[in-house]
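Read the structure below first, then the notes.
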Amino acid sequence: NVITYLHSCCVGGRRGLEQHHPPDGNRQGFRVQVIQRFLVLALVCLAAYSLTVGGIPNRITLIEGNAREVQLGRPLDLRRTASGLELLPFEGGVKLVPLSQGESSLEVRLWDLIPIKRMVVSVVPDIRVFPGGQSIGVLLPSRGVVVIGHYPLVGSDGRSYYPAREAGIQVGDVILRINGQTVNSKSQIERAIDDIGRSGAQAEINILRNSKKITLRLKPIAISNERLSDEARIPIGERDTTYKLGIWVRENAAGVGTLSFYHPDSGVYCALGHVITDTSTNKDMNVASGMIVAAQILGIHQGNRGQPGEKIGSFSGEEVIIGTIDRNTKFGIFGRLNTMPLNPYFREPIPVALADEVTPGPAHLYTVLQEDMIERFDVEILRVTRQTSPQIKGLVIRISDPRLLSVTGGIVQGMSGSPIIQNNKLAGVLTHVFVSDQTRGYGVLAEWLVRDAGFMLPQDESLSISESLSG
């Protein structure tokens, strides 16, 4: 190899110069030439050594039970400075055989004497997960109910009334409290308004609008149940009338995303692939005690250049809660599932690809385009950024599937969190779309997600993190 060749050149060049004996009058000039040539050869040798050593990683992660070969050029060698690994030399390198979980330190040595680099080898458990792909709605904790529209109330006199709109309630307002009572669901608002209306009192409504709190007062309108649609009716005994405000509301939510994966033994899941931020403050939101619910996709709104499209999702809220939210990180949301969703493409959990196992080339992406049906689509991993520590945007992918392109035009909002599978391993998760090119987007490497979930750590640390997720 290049190291051996240049090493011989250095030695051979030096010997050749020593064997040449010029006349005494030119001896001084000859010495200068010897020094110059030797320095050039030494610099070339040093550069070659640097290139070879630079190609040896600072950190290697091994799955427990899986060995790995590290290529070394002569005269380099590896020496173990901590237990946990067995080193098996072979021609051109060393085979690393993990003996136990944990970290071991290795030294790269020159001529087995001079330490020139330190390498850390981390042995982690063999974690297997079920890929997601299911559409989910994210419900935020204790943040009120959002007004999404107005509708007319037809009174006993036959006239149409808009009590909420006339009182100043606007679409986008977040209803926080009614008569001092905190409300977080559609059913809480309906019952509170009906009780206030029957008492003959006014409703004092505290709302949040553009980060400002506002208090409005209005009187609910009595409506015959016969005049209400099934959706607007509430089951309150045998009452003939119901008191309403004339607003459509939904639970405050961060929107629709995609479940990335879950661990079948612990129920720990990851979704979205990115942090949830408050659009009004641009800060990470506190979503602890939030919930995820099953969602259905009603349609796809295709985007244009500079304006990404989106999935049009629907979810009813409290009735279909499938998990809790415990943490909101730059890699997505994490929590525990109440029920284990099914992905028809995977009957058994699959391995998680280590960061250095993911390569440019073909892969598959799993997501929902219609109702709750998961589909598999062809994508291509264009670039893998070699990361030695958890970072976002480790992948650049391109949508290559003709059907996905025809339906969505590329990557749309709501697809974030969709799992990317390569060589039957979870390689990564889709996170962001290129605004300038909707067929391309970023992904995060799966190893970082699994680490952030509390796995791929020494057993005692992994247990402590897993327990903390349960609260």
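This structure is a prediction, so every number in the text was calculated from the model and none was measured.
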Quick one: does [X]'s side chain get under 4.5 Å of [Y]'s, heavy atoms only?
{"X": "Ile247", "Y": "His150", "value": "yes"}
{"X": "Asp378", "Y": "His364", "value": "yes"}
{"X": "Ile292", "Y": "Leu337", "value": "yes"}
{"X": "Ile399", "Y": "Phe377", "value": "no"}
{"X": "Arg451", "Y": "Phe331", "value": "no"}
{"X": "Leu153", "Y": "Pro163", "value": "yes"}
{"X": "Val129", "Y": "Phe455", "value": "no"}
{"X": "Arg327", "Y": "Asp452", "value": "yes"}

Heavy-atom pair with the smallest gap, counting every atom of [X] and [Y]:
{"X": "Asn343", "Y": "Pro131", "value": "ND2-O, 3.6 Å"}
{"X": "Glu64", "Y": "Pro125", "value": "OE1-CA, 4.1 Å"}
{"X": "Phe130", "Y": "Phe346", "value": "CE2-O, 3.6 Å"}
{"X": "Lys425", "Y": "Ile350", "value": "C-CD1, 3.9 Å"}
{"X": "Asn424", "Y": "Pro351", "value": "O-CD, 3.7 Å"}
{"X": "Tyr243", "Y": "Ala222", "value": "CE2-CB, 3.4 Å"}

Neighbour count >12 (heavy atoms, 6.0 Å) for atom [atom1], [X]:
{"X": "Lys330", "atom1": "NZ", "value": "yes"}
{"X": "Leu298", "atom1": "CG", "value": "yes"}
{"X": "Arg347", "atom1": "CZ", "value": "no"}

Treating [X] as the side-chain partner and [Y] as the backbone partner, does any N or O pair qualify as donor plus acceptor under 3.5 Å?
{"X": "Asn184", "Y": "Gly144", "answer": "yes"}
{"X": "Asn328", "Y": "Ile276", "answer": "yes"}
{"X": "Thr431", "Y": "Tyr442", "answer": "yes"}
{"X": "Gln302", "Y": "Ser406", "answer": "yes"}
{"X": "Tyr366", "Y": "Ile421", "answer": "no"}
{"X": "Arg440", "Y": "Ile411", "answer": "no"}
{"X": "Lys393", "Y": "Thr385", "answer": "no"}
{"X": "Arg336", "Y": "Ser266", "answer": "yes"}

Run Asp401 and Val379 through side-chain contact (heavy atoms from CB on, under 4.5 Å) and show every step you take. CA-CA 6 Å; Asp401 193 283; Val379 298; over 6 Å; no
Option among Glu447, Gln387, Arg68 that satisfies the side-chain contact (heavy atoms from CB on, under 4.5 Å) test with Asp356: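 Result for side-chain contact (heavy atoms from CB on, under 4.5 Å) with Asp356: Arg68.
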Answer yes when Arg217 and Glu204 have at least one side-chain N-carboxylate O distance shorter than 4.0 Å, and no when they do not.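 Salt bridge: yes.
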Distance in Å, [X] [atom1] paired with [Y] [atom2], rounded so as to fall on 0.5 Å steps:
{"X": "Glu375", "Y": "Ser418", "atom1": "CD", "atom2": "OG", "result": "11.5 Å"}
{"X": "Leu272", "Y": "Ser260", "atom1": "CG", "atom2": "OG", "result": "7.0 Å"}
{"X": "Leu245", "Y": "Tyr151", "atom1": "CG", "atom2": "OH", "result": "8.0 Å"}
{"X": "Glu310", "Y": "Thr408", "atom1": "CD", "atom2": "OG1", "result": "12.5 Å"}
{"X": "Asn423", "Y": "Glu357", "atom1": "CG", "atom2": "CD", "result": "9.0 Å"}
{"X": "Ile397", "Y": "Leu430", "atom1": "CD1", "atom2": "CG", "result": "5.0 Å"}

What verdict does the side-chain contact (heavy atoms from CB on, under 4.5 Å) test give for Ile221 and Tyr162, after you've listed the backbone C-alpha separation in whole Å, the side-chain angles of each residue and the deciding distance to 0.1 Å? CA-CA 9 Å; Ile221 300 295; Tyr162 292 86; over 6 Å; no
What pairs with His432 under ring-ring contact (aromatic ring centres under 6.0 Å, His included), at least two apart in sequence or on another chain?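 His432 satisfies ring-ring contact (aromatic ring centres under 6.0 Å, His included) with His274 once adjacent residues are dropped.
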Carefully, step by step, assess Arg198 and Thr241 under the rule side-chain contact (heavy atoms from CB on, under 4.5 Å). CA-CA 10 Å; Arg198 293 185 183 282; Thr241 60; 3.7 Å; yes
Pair Ile223-Thr242, side-chain contact (heavy atoms from CB on, under 4.5 Å): steps then yes or no: CA-CA 5 Å; Ile223 301 298; Thr242 302; 5.6 Å; no
